[in-house]
2 protein chains.
Amino acid sequence: MVTIKDIARTLGVSVGTVSKALNGRDDVGDELRARIIDTARELRYEPDPIARRLVTKRSRTLGVFMLDRQGFGVRRNFGWLFLDGILRGAAARDYDLVLFSNTDDTRYERSYIDICRSRRVDAAIIVGLRGDDRYLEDVLNAPIPVALIDTEVSGGTATFVSSDNKAGAALALEHLAFLGHEKVATLRAPFSYPGRLRYEAWAEFAAARGRYRDDYIRDGDFTPESGMAAAAAFASMKDMPTAIFAASDLMAIGLIRGFERLGVRVPEDVSIVGFDDIPNADLVGPALTTVAQDTLGIGQAALDAVLDELDSGSRREEILVAPRLVVRRSCAAPGGAPDFLPEGSPAASRGVRRTP
Amino acid sequence: MVTIKDIARTLGVSVGTVSKALNGRDDVGDELRARIIDTARELRYEPDPIARRLVTKRSRTLGVFMLDRQGFGVRRNFGWLFLDGILRGAAARDYDLVLFSNTDDTRYERSYIDICRSRRVDAAIIVGLRGDDRYLEDVLNAPIPVALIDTEVSGGTATFVSSDNKAGAALALEHLAFLGHEKVATLRAPFSYPGRLRYEAWAEFAAARGRYRDDYIRDGDFTPESGMAAAAAFASMKDMPTAIFAASDLMAIGLIRGFERLGVRVPEDVSIVGFDDIPNADLVGPALTTVAQDTLGIGQAALDAVLDELDSGSRREEILVAPRLVVRRSCAAPGGAPDFLPEGSPAASRGVRRTP
DNA sequence: CTGTTAGCGCCTTCAT
DNA sequence: ATGAAGGCGCTAACAG
């Protein structure tokens with residue numbers, strides 16, 4: 001490992017001068033600076049980040065916490081998708097990421113913020129924090145910048161980042177309306193915060209068109225099983241809806257599987273639209289039309305939020321990232337005509353994406 | 001931030017003694033040690049990892065590289081699933097993980113090993129390294145312990161960790177045989193190393209039973225599209241196979257979608273078995289029977305490998321982790337009877353798992 | 001057993 | 001414009 005001391009010695013100057021030259025300070029002669037930079041390159045000098053952060057007190061490192069009490073892991077926890085955006089943003093701004101997860105309880109014994117303190121990370125991004133978390137207080141009063149993604153809580157000194165759930169639901173509902181659906185039901189997930197927002201959008205949309213009906217509301221718990229149960233319930237109605245807005249893809253797929261089992265065709269007999277755009281949602285038969293969360297954008301927004309706060313001290317309360325509609329094959333016009341999306345669709349004008 | 005200096009001062013002892021006491025060295029009086037530990041706790045002292053690693057030259061930190069030239073990200077890159085096991089193992093052994101990914105090229109300008117050196121990480125786990133990687137040489141000659149997961153290369157000083165692909169394929173083929181299939185084709189992916197192994201298992205299995213046929217081999221590239229193309233090819237055969245072993249789930253699902261479009265029913269007319277158990281493979285219709293990679297076990301094995309090498313200096317060349325068969329609904333007996341798995345199935349005796 | 005001394009590699013006053 | 005010196009927080013000899 002070559003150090004500034006080495007380059008100082010080979011040039012017969014002092015380490016202080018080398019440090020200044022390398023850090024672009026203006027109190028060093030132009031000619032000397034050039035020589036210093038040259039030999040630094042020749043010697044393949046690399047500043048030691050450890051030593052630097054010991055004196056600067058900043059680590060250029062972020063803590064990322066993937067909270068996952070159910071132990072779903074990368075495989076089944078949507079929150080991991082935000083990591084793409086976080087990683088991309090961190091790389092762009094030259095920060096390192098240290099990753100924590102509480103799938104087991106090993107590190108759950110300490111508050112996330114405590115972990116941050118002991119690791120000397122500059123800021124934290126926490127995915128999936130829940131309202132009853134034992135360290136909630138700590139997080140909301142953290143002394144470092146914190147962004148919360150995919151969370152049911154907000155407030156405190158943290159920045160709340162999420163999809164614009166109501167806008168996203170509106171996208172789906174407008175699409176169904178545009179296809180000609182008037183009898184649009186919802187499978188909601190009222191126990192969760194985003195679930196409630198998505199439901200509210202449905203309720204407002206239905207009410208605005210005079211189409212609000214209590215019996216077009218079913219409750220699920222985000223699982224495919226709850227979707228299958230709801231399919232049976234909807235199928236047994238005398239006045240069955242022609243389209244269903246599910247508050248999550250998993251439930252939407254459950255609806256599809258449930259209808260399939262009952263001989264109800266999707267999309268010919270009933271259109272289904274989901275929310276999230278989970279991995280491989282395009283591979284279930286029929287490929288799912290859904291509201292895609294901009295996971296990349298959310299991750300990046302969270303990262304930018306904490307780093308901006310670090311740089312400028314200015315904190316954002318809340319960042320809502322626009323989702324977009326992904327039109328695939330689980331929705332059709334009520335008659336059973338193939339799905340289509342002509343110019344002028346209200347959804348299209350607000351960020352629709354069409355995939356084969 | 002309270003330092004050892006603080007606790008030394010409040011106790012009227014020297015920092016050296018405090019350091020020793022806190023690090024469990026035996027050359028310090030029991031009574032003094034107790035008092036030191038007590039006041040350390042009272043002062044809520046936290047050792048500064050930065051300062052420590054500057055002097056010890058060890059960071060208790062691992063570098064994890066998710067290589068992903070296609071930019072698939074968490075959403076579509078199977079390799080991310082290994083992170084669960086890596087995280088779990090790291091938490092258990094009290095190591096931190098710093099995560100890198102090359103979805104963009106920002107950090108791709110430097111060798112992964114270089115990045116490790118500059119970050120002073122103790123060891124590295126690299127997921128998805130390819131044979132034509134520009135830094136291959138560097139990786140194979142790394143001065144720190146390295147584990148390679150889900151990779152086409154091996155050799156050098158790195159530990160190679162992967163699923164036992166041939167054993168996994170055999171599991172699938174034995175299952176098909178047990179169901180009564182004699183005309184078993186394969187959709188292979190010969191351009192990849194695991195793909196070749198899976199194919200070899202098919203070829204050996206077929207040959208051993210006198211059932212090897214060139215026209216039961218089709219080539220794909222791991223995409224659903226290649227599966228759909230293969231479905232068309234198989235469907236047009238005069239002597240169509242009754243079962244197909246696909247070298248990946250994505251291709252298996254492509255086969256299903258392709259057959260669906262052609263009116264060939266799965267599993268009534270043809271059974272499909274995949275490999276990997278990608279997320280939501282249980283949600284495609286019909287739920288996919290497949291060989292599940294033990295992603296958790298692989299991640300943990302890789303982590304243990306590098307840490308063991310760090311501790312003991314003993315390196316493993318290769319670690320093969322046993323996959324298991326997951327029986328779902330895409331396979332049936334040739335006649336079209338519902339799929340079943342009675343006691344005594346050869347697959348069952350070697351780690352089958354049945355899911356609804 | 002305990003204290004003293006020297007750094008680890010870098011940055012930053014403060015002199016010169 | 002350059003150099004010398006001190007220190008970030010900790011560990012590791014080496015003395016006593």
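So you know, we letter chains A, B, ... as the sequences are listed, proteins then strands, and number each from 1. Please read these numbers as outputs of a predicted model, since none were measured by experiment.
- A salt bridge is absent between B:Arg35 and B:Asp38: the closest approach of a Lys/Arg side-chain nitrogen to an acidic carboxylate oxygen does not fall below 4.0 angstrom.
- Using a 4.0 Å heavy-atom criterion, one finds that A:Gly29 contacts the sugar-phosphate atoms exclusively.
- Proximity note for A:Val55 (side chain, C-beta onward) versus C:dT2, C:dG9, D:dC10: the nearest is C:dG9.
- Phosphate proximity of D:dG9 to B:Arg52: absent, as no side-chain N or O sits under 4.0 Å from OP1 or OP2.
- When distances run from any side-chain atom of B:Ile4 to the nucleotides C:dC11, C:dT2, D:dC10, the shortest one goes to D:dC10.
- Contacts of B:Ser19 with the nucleic acid, taken as non-hydrogen atoms under 4.0 Å apart, include base atoms.
- Residue A:Asp48 is classed as a sugar-phosphate contact, given heavy-atom separations below 4.0 Å to backbone atoms only.
- Side-chain contact between B:Asp138 and B:Arg110 is absent, with no heavy-atom pair separated by less than 4.5 Å.
- Considering only side-chain atoms of A:Leu54, the nucleotide from D:dG9, D:dT2, D:dC10 that sits closest is D:dG9.
- Taking atom CZ on B:Arg25 and atom C1' on D:dA12, their separation rounds to 7 Å, with Å as the unit.
- No more than 12 heavy atoms of other residues, nucleotides or ligands lie within 6.0 Å of CG in A:Asp30, so this atom counts as exposed by the packing criterion.
- Atom CZ of A:Arg9 is separated from atom P of D:dT2 by 20 Å (rounded to the nearest Å).
- Judged by atom type and distance alone, B:Lys57 does not reach the base of C:dG9 through any side-chain donor-acceptor pair under 3.5 Å.
- Residue whose closest nucleotide on DNA chain C sits further toward the 5' end, between B:Asp27 and B:Arg120: B:Asp27.
- Between C:dT2 and B:Thr17, no contact under 4.0 Å exists linking OP1 or OP2 to a side-chain N or O.
- Protein atom CD1 of A:Ile7 is 12 Å distant from nucleotide atom P of C:dC11, rounded to whole Å.
- B:Thr3 comes within 4.0 angstrom of the backbone, heavy atoms only, and of no base.
- Classification of B:Arg76 and A:Asp84 as a salt-bridged pair fails, no side-chain N sitting under 4.0 Å from a carboxylate O.
- In this structure, CG of B:Asp6 is placed 9 Å from P of D:dG9, rounded to the nearest angstrom.
- In terms of position on DNA chain C, the residue among B:Gly16 and A:Leu22 whose nearest nucleotide sits closer to the 5' end is B:Gly16.
- Distance CG (A:Leu11) to C1' (D:dT2): 13 Å, rounded to an integer number of Å.
- Across the protein-nucleic acid pair, B:Lys5 atom NZ and D:dT11 atom P stand 14 Å apart, rounded to whole Å.
- A:Arg33 comes within 4.0 angstrom of nothing in the nucleic acid, heavy atoms only.
- Between the base of D:dG3 and the side chain of A:Lys20 there is a donor-acceptor pair shorter than 3.5 Å.
- The aromatic rings of B:Tyr112 and B:Tyr135 stand perpendicular to each other, their planes meeting at an angle above 60°, with 30° marking the opposite boundary.
- Taking every side-chain heavy atom of B:Asn23 into account, D:dT11 is the closest of C:dC8, D:dT11, D:dC10.
- Residue A:Ile50 is out of contact with every strand shown, counting any heavy-atom pair closer than 4.0 Å.
- Listed nucleotides: D:dT2, D:dG3, D:dT11. Nearest to the side chain of A:Val13: D:dG3.
- When the C1' atom of D:dA12 is taken as reference, atom CG of B:Asp26 falls 14 Å away, rounded to whole Å.
- Here C:dG9 presents its P atom at 18 Å from CZ of B:Arg119, a figure rounded to the nearest Å.
- By the 4.0 Å N-to-carboxylate-O rule, A:Glu317 lies close enough to A:Arg315 to be salt-bridged with it.
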